[in-house]
Asks: 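Here it is: the structure, laid out below.
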Amino acid sequence: MKVFCGRANPTTGSVEWLEEDENYDYHQEIARSCYADMLHDKDRNVKYYQGIRAAVSRVKERGEKAIVLDIGTGTGLLSMMAVTAGADFCYAIEVFTPMAIAAVQIVEKNGFSDKIKVINKHSTEVTVGPDGDMQCRANILITELFDTELIGEGALPSYEHAHKYLVQEGCEAVPHRARVYAQLVESKRMWSWNKLFPVHVQAEDDEKIVFPSEIENCPGVLSVYDIQLNQVPRSDFTILSDVVTMFSVDFSKQVNSSSTYYTAKLEPIKSGMAQVILSWWDVDMDPSGMIKCTMAPYWVQSTSNDVQWRDHWMQCVYFLPNEEPVLLGEDVYLTAYRDEYSVWYKLQKARNEEDKKDAYVGSPLCSCQAHLLWNRPRFGELNDQNRTNQYIQALMTVLEKDSICLCISDGSLLPLLAQYLGAEQVFTVENSAVSHCLMEKIFKANHVGNKIKIIEKRPELLTASDLEDKKVSVLIGEPFFTTSLLPWHNLYFLYARTAVAAHLTDSVTVLPQSASLYMMVVEFKDLWRIRSPCGTCEGFDVHIMDDMIKNSLNFRESKEAEPHPLWEYPCKSLSDPQEVMTFDFRLTVPQQTLSTDGSVNLLRTGKCHGAVLWMEYHLTSNISVSTGLVQISDEKGNCKWNPHCKQAVYFFSSALEPETLTDLPSAITYAINFNPKTGEIAMSFKPLS
């Protein structure tokens, strides 16, 4: 049997469905899973173990057998902890078949097969009774069903069902309870991830690009923005309130997953513009609250040096529908609304008695289409005036009064810039009806609706009449395409440029004129953990899980780089950045494979966890825009990265499995190939001693 998987095709700028081996989906999910990250989360594992021991002890003290239900068992780790703590029997539920198979093998290898039954089902399909999956209801409920938002993986309906059908009334639960916290802040940087600011154009009369009120007033989309909040410096936001508890869930009692809301009174500690809610949660592993696991960011925890790094649980950024001024000493009311899977917020001023009768407010829906077309980093990129200024400077050097411009990028402001800077005629290609509609509204808001022609066509389908029988003298692009996952996927611009070659003048100016692929060897502070074998976890042998992830990576993923926003993941450079390949946009797509090989010397000692790759676009001969490294900020090699783009990370297996290295390498050799037929880049690296 074959399965169809979506993959970005850099040659067409679209997502295409490819036929893959039936195991591909499984391998993809395992390879990109958080299992390794969770197994490396020492704080999580220790707290769970402590909570499980305490729960088993409480049941035993009552003279009862300890029967455990473990929902979402994964590797079987928590079930093995329970048996080791004295549980009489465990039912370990895992819906993901490859993971359930691995759990059976791990349980057997650790000698617990007689006391742990792995059930490969969704918990809502599990039956209880003499002929059921479980012989009886459990009196200890253990789960790890949480995501960064706490409830996004369906924890509430799973608990609700378990209490109704699978566990005894008054059962012990690990975790026992969870609390969700919120803090009100003002932050221009974070607000720029959800709203568009006016763009200054350095034209003769200092024009501004403005956006329709429809975009300004749009509440955005429901999805939380989960990030490593510990990497956001305190200088990037102003705290307007103390931390408040928005709601809590007691997992030892019946849970109600129905939509509801919770309101908390806030006393602003500073006047400012309320824009963003920062949120996180913690769990008590025991009823007394003595065993606590928290996701609180560094400024909330008493000892910031002890903040546990984890990637499977981060922190939440929620955007208020509109910014609201708050004043020191004037109370406001913050309401958290939730359904089964999501949370959203609303802020209100002090209310009279009638106003306090809150009505449930439905989840935010984007009405402006901008939030449907652009993700949060793209909003930040469009709001980056320094980046925009580089494009303005480049356009000013190439535009003439008689320039006929064609822009190829998804939802770009470049056509507006070109029009303001004096181009005679501007055409722009938009691939989708959504981007066409959105850009039309933006052009009209700036009174240039009749001066910029939007063509909703793929570049290869352009005709002379689309361009009003004019030849294009300036071809422009950021380039940015919404389907791009890896940095070089935006090389679709080269394919589009080739497709429109017949419509270009012989002396056409292309901006950017070329692009360079850069590479640098790095040591990660923490990100390496997501791909590193664990071996043993809290005394249990999980090598089978390590092998399973490794095999899945070998199925395809280890031969590829993967995208990560490195501003969230500190690393230090071990080599200088090296330009390894160039692409000339003044020429058409090359017919032959581009290949390069060489080596980079390691300038600093450290673990070579991998190579980071990114693109740099040369707008003109002396103006370039980097999608990766911004600067190496100190002599230790700490790096500053472009915060609007994901960089490509290729993990070295030799660094993740140190026993394979006898000596520290002095250099890393590389071989990189660009296949013009697929638009993909293949790479390999080897350490040199």
Asks: Can a side-chain donor-acceptor contact be found between Ser516 and His618 if the only test is distance below 3.5 angstrom?
Replies: yes
Asks: Charged N to carboxylate O under 4.0 angstrom, Lys636 versus Asp634?
Replies: no
Asks: List in chain and number order the residues that pass side-chain hydrogen bond (donor to acceptor under 3.5 Å, both in side chains) with Thr482, two or more places apart in sequence or in another chain; answer none if no residue qualifies.
Replies: Asp410
Asks: With a 6.0 Å cut-off on the ring centroids, do Phe146 and Trp281 count as close?
Replies: yes
Asks: Which of these passes side-chain hydrogen bond (donor to acceptor under 3.5 Å, both in side chains) with Glu149: Tyr341, Trp313, Tyr318, Trp280?
Replies: Tyr318
Asks: So, for Trp309 and Phe524, is the gap between ring centers shorter than 6.0 Å?
Replies: no
Asks: Strictly distance-based, threshold 3.5 Å: is any side-chain N or O of Asn194 a donor or acceptor partner for the main-chain N or O of Phe319?
Replies: no
Asks: Would you say Lys457 has more than 12 foreign heavy atoms packed within less than 6.0 Å of its NZ?
Replies: yes
Asks: Quick one: does any side-chain atom of Ser409 pair with a main-chain N or O of Ser412 as donor and acceptor, under 3.5 Å?
Replies: no
Asks: Quick one: ring pair (Phe, Tyr, Trp, His ring centres under 6.0 Å) partners of Tyr492, sequence neighbours excluded?
Replies: Phe481
Asks: Would you be so kind as to tabulate the donor-acceptor pairs closer than 3.5 Å made by side chains of residues 373-380, with sequence neighbours excluded?
Replies:
{"residue": "Trp374", "atom": "NE1", "partner": "Gly411", "partner atom": "O", "Å": "3.4"}
{"residue": "Asn375", "atom": "OD1", "partner": "Arg378", "partner atom": "N", "Å": "2.9"}
{"residue": "Arg376", "atom": "NH1", "partner": "Ser223", "partner atom": "O", "Å": "3.1"}
{"residue": "Arg376", "atom": "NH2", "partner": "Ser223", "partner atom": "O", "Å": "2.8"}
{"residue": "Arg378", "atom": "NH1", "partner": "Glu381", "partner atom": "OE1", "Å": "2.7"}
{"residue": "Arg378", "atom": "NH1", "partner": "Glu478", "partner atom": "OE1", "Å": "2.9"}
{"residue": "Arg378", "atom": "NH2", "partner": "Gly411", "partner atom": "O", "Å": "3.4"}
{"residue": "Arg378", "atom": "NH2", "partner": "Glu478", "partner atom": "OE2", "Å": "2.7"}

Asks: Can a cation-pi geometry be assigned to Arg497 and Tyr495, taking NZ or CZ under 6.0 Å from the six-membered ring centre and within 45° of the ring axis?
Replies: no
Asks: Compare all side-chain heavy atoms of Pro590 with those of Leu494 and state whether any distance is below 4.5 angstrom.
Replies: yes
Asks: Are there over 12 heavy-atom neighbours, none belonging to Gln592, within less than 6.0 Å of that residue's CD?
Replies: no
